Amino acid sequence: MHLRPLDILAEVVPLDGATSGIRIVQAEGVQGLQFSATEPRTTSFPASRIFSSCHLFPEEFSIIITLRVPNLPPKKNEYLLSLLAEERDTLLLGLSPGLTDSRCGHGAIRQLVLLPGSDATPQLCPSRNARLAELSIPQVLKRLSGKPEDNEVPKYPYEADMKVTLGSRPPCTKAEGAQFWFDAARKGLYLCAGSEWVSVLAAKTKLDYVEEHQSLHTNSETLGIEVFSIPGVGLFAAAANRKARSAIYKWTDGKFVSYQNIATYQAQSWRHFTIGKKIFLAVANFGPNERGQEFSAIYRWSPRKLKFTLYQRIATHSARDWEAFEVAGEHFLVVANHREGDNHNIDSVVYRWNPGSQLFEANQSIATSGAYDWEFFTVGPYSFLVVANTFNGTSTQVQSHAYIWLVGAFQLFQSFPTFGAADWEVFHIGERIFLAVANSHSYDVQMQAQNDTYVLSSIIYELNVTAQTFVKFQDIPTCSALDWEFFSVGEDHFLVVANSFDGNTFSVNSIIYRWQGYEGFVAVHKLPTFGCRDWEAFNTTAGSYLIYSSAKEPLSRVLKLRTG
């Protein structure tokens, strides 16, 4: 049903505008009506005049009023609009902005509209531009010529007629030119310009709730998920499965379906990257192959076969993660080598792409302690790598390090105290730059009984540009956190943490936190997970989603973000 705005002000204002006690004033190019304080005016009319189809007052409604009130007077029993019971003259509703006091100065009213069957507040208020929030104004305010009187300053040209259509999307042709459409479902106001509806008051998309979309049965427990797109082919998810085969899934008819299986060895993670038109996937293998050799592998997408094929093998040591990045036009990969035998204090390696041989070659070794994750990011012209160090052989309380690219190599920039660090996530909010670390375990061999906990704080750091260092911004309590994922919905920003273990059970809630400005991140959604290892956020034409992998069962889950 299309419900039109009902112009209450037009019912009480004569077309000639010359009624005693009412004058037309203008401020900042907008005309309005000013009611005299010395000649109070009361005008009434039966509701049946505007409710032509149904004489009952609507159960849900909005009252839209456009005012200019420089100074509000003290409260009085005076109403701009009142609704009375017809038989008893009992006040049912009173709207009292106090416009009739002499101290209002150039107070004026331009619009008083009743919008039945809709809550217009989130869409029209607040508005810095009164014209954008107009649904209907009296004819007397539309017929001004704009020609000034002898004792008045020049007026601005009068406004054009405005018509607003409610309901489903109407046609937009020359006939509807300069007309408005209010989409109640999407909570947006649109203007017909040419042949397209153009957003005037953009609808603010907000995250309402999260619902399960798909239970994705995997070959085995899944350590990591990588979601990526191949232009002209589609959206994919690569699962790093613990057993002999890892699977690649393709998004088909709104779900992920099995697309390709690749032999892996306790795969920990996948990394998608491109070099020119070449598309690659690198897998971090934690275990040895059938011949006892430790290799991780790079696969290249074959446009002819529409499959990934083996491209290059690289010797690694219990590899946990790959990170791909570009510096000064050159392409690099860095591997997180976790341990060699029982020795966790080994080198992780940065590899550089050789355009001549078309292969990756060792470029720099960086000492790490049980390396779990690498994260690359840039700040202005500077490039950084930060490593999550997990264990030094005796304690999880180790320093994780950020490195800066200087003179052709990465050099130490800053160290962070971490506890079994499993992941770094870098993200931007406006001009601000943040780093979040996932702390998974506080353990020390020499103090095992007193210091063995999985419930501990993970830390968010913010870059202080002046001091050229990251400073602690917020502590967030977590349960053996293994991953952070940053994502945005509309104008809102979120972090979701992979909580994996609380010391007793793997069935723990992972949490979505929303950015609240000076309050930092505040928990807004609890998500039941089992052995949660990795989160990935992705978008399709159908909406926004999260997918998480479980390291404790062969089941990953796709969640849909429901927005309002």
Side-chain angles (χ1 to χ4, degrees), residues 196 205 213-214 216 218 222 224-241 246-262 264 267 269-284 296-312 314 321-334 351-360 374-378 383 425-428 485-490 534-549 556 558-561 563:
E196 295 183 0
T205 304
H213 179 75
Q214 180 187 3
L216 182 62
T218 53
T222 305
I225 293 276
E226 176 85 338
V227 178
F228 59 95
S229 294
I230 297 179
V233 183
L235 180 74
F236 294 86
N241 297 126
S246 289
I248 297 174
Y249 301 88
K250 185 181 181 184
W251 187 261
T252 306
D253 296 328
K255 291 188 177 182
F256 282 116
V257 298
S258 182
Y259 185 82
Q260 182 181 359
N261 285 304
I262 295 177
T264 54
S269 64
W270 288 97
R271 184 67 65 225
H272 163 264
F273 62 97
T274 60
I275 298 177
K277 294 183 179 180
K278 303 180 185 68
I279 300 170
F280 297 96
L281 268 182
V283 64
S296 292
I298 301 170
Y299 294 83
R300 181 181 174 184
W301 175 257
S302 169
R304 183 176 61 84
K305 297 180 180 180
L306 295 179
K307 299 281 186 182
F308 283 97
T309 59
L310 181 63
Y311 185 80
Q312 183 180 357
I314 296 177
D321 179 57
W322 284 105
E323 177 74 324
F325 57 95
E326 184 178 345
V327 177
E330 292 194 301
H331 296 273
F332 296 86
L333 279 176
V334 59
Y351 298 87
R352 186 182 71 90
W353 175 259
N354 185 325
S357 65
Q358 298 278 293
L359 295 171
F360 282 97
W374 283 102
E375 183 87 349
F376 174 82
F377 61 97
T378 60
S383 298
E425 178 82 350
V426 63
F427 56 94
H428 296 70
E485 179 78 359
F486 176 80
F487 63 97
S488 298
V489 176
D534 191 26
W535 283 101
E536 282 277 284
F538 64 97
N539 299 301
T540 73
T541 54
S544 300
Y545 300 85
L546 290 171
I547 183 172
Y548 85 85
S549 65
S556 294
V558 180
L559 308 178
K560 186 163 187 178
L561 305 180
T563 59

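Computed from a predicted model, the values in this text were never measured in an experiment.
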- Query: Does NZ belonging to K255 count more than 12 external heavy atoms closer than 6.0 Å?
  - Reply: no
As a quick check of understanding, evaluate side chain to side chain contact (heavy atoms under 4.5 Å, CB included) for V283 and I262, giving each step before the final call.
CA-CA 10 Å; V283 64; I262 295 177; over 6 Å; no
Closest heavy-atom pair, S556 versus S549, reported as atoms and distance to 0.1 Å, is OG-CA, 3.4 Å
Can I get a per-line list of side-chain donor-acceptor pairs under 3.5 Å for residues 297-308, giving both atom names and the distance, sequence neighbours left out?
unit_1 : atom_1 : unit_2 : atom_2 : d
S302   : OG     : R304   : N      : 3.4
S302   : OG     : K305   : N      : 3.1
K307   : NZ     : Y259   : O      : 3.1

Sequence neighbours excluded, the answer for side-chain hydrogen bond (donor to acceptor under 3.5 Å, both in side chains) partners of Q260 is none
Contacts of S296 meeting side-chain hydrogen bond (donor to acceptor under 3.5 Å, both in side chains) (sequence neighbours excluded), chain-then-number -> T316
Tightest non-hydrogen contact, residues A239 and T222, listed as CB-CG2, 3.9 Å
Taken in chain and number order and not counting sequence neighbours, the residues that satisfy side chain to side chain contact (heavy atoms under 4.5 Å, CB included) with S357 are N354, L359, E361
W374 meets the ring-ring contact (aromatic ring centres under 6.0 Å, His included) criterion, sequence neighbours left out, with none
The reported gap from OH in Y311 to CD in Q358 (rounded to nearest 0.5 angstrom) is 5.0 Å
Practice problem: May I ask you to decide if the ring planes of F228 and F236 are parallel, tilted or perpendicular, using 30° and 60° as cut-offs? | Solution: parallel
In this structure, CG of L281 is separated from CG of L310 (nearest 0.5 Å) by 12.0 Å
Residues F538 and L546: closest non-hydrogen pair is CE2-C, 4.4 Å
For the pair H213 (side chain) and G254 (backbone), establish whether a donor and an acceptor sit closer than 3.5 Å, ignoring hydrogens and angles.
yes
Residues passing the side chain to side chain contact (heavy atoms under 4.5 Å, CB included) test with S229, sequence neighbours excluded, are L235
Contacts of A247 meeting side chain to side chain contact (heavy atoms under 4.5 Å, CB included) (sequence neighbours excluded), chain-then-number -> N219, N241, Y249, N261
So CG of L561 and OH of Y545: to nearest 0.5 Å the spacing works out to 9.0 Å
Are the side chain of W322 and the backbone N or O of W270 linked by a donor-acceptor pair below 3.5 Å?
-> no
Worksheet item: Any side-chain heavy atom of E226 sitting closer than 4.5 Å to one from D534?
Response: no
Rounding to 0.5 Å, atoms CZ (F256) and CD1 (I248) come to a distance of 12.0 Å
Under 6.0 Å between ring centres, would you say that holds for W535 and F487? no
Sorted by chain and number, sequence neighbours left out, side chain to side chain contact (heavy atoms under 4.5 Å, CB included) with H331 holds for I275, E326, W353
Those residues at least two apart in sequence (or on a different chain) that pass ring-ring contact (aromatic ring centres under 6.0 Å, His included) with F376 are F325
With sequence neighbours left out, the residues meeting side-chain hydrogen bond (donor to acceptor under 3.5 Å, both in side chains) with E330 are R352
So CD1 of I279 and CD1 of I230: to nearest 0.5 Å the spacing works out to 5.0 Å
Residue set satisfying ring-ring contact (aromatic ring centres under 6.0 Å, His included) with F273, at least two apart, ordered chain then number -> F280, F360
Applying side-chain hydrogen bond (donor to acceptor under 3.5 Å, both in side chains) to E536 and not counting sequence neighbours gives none
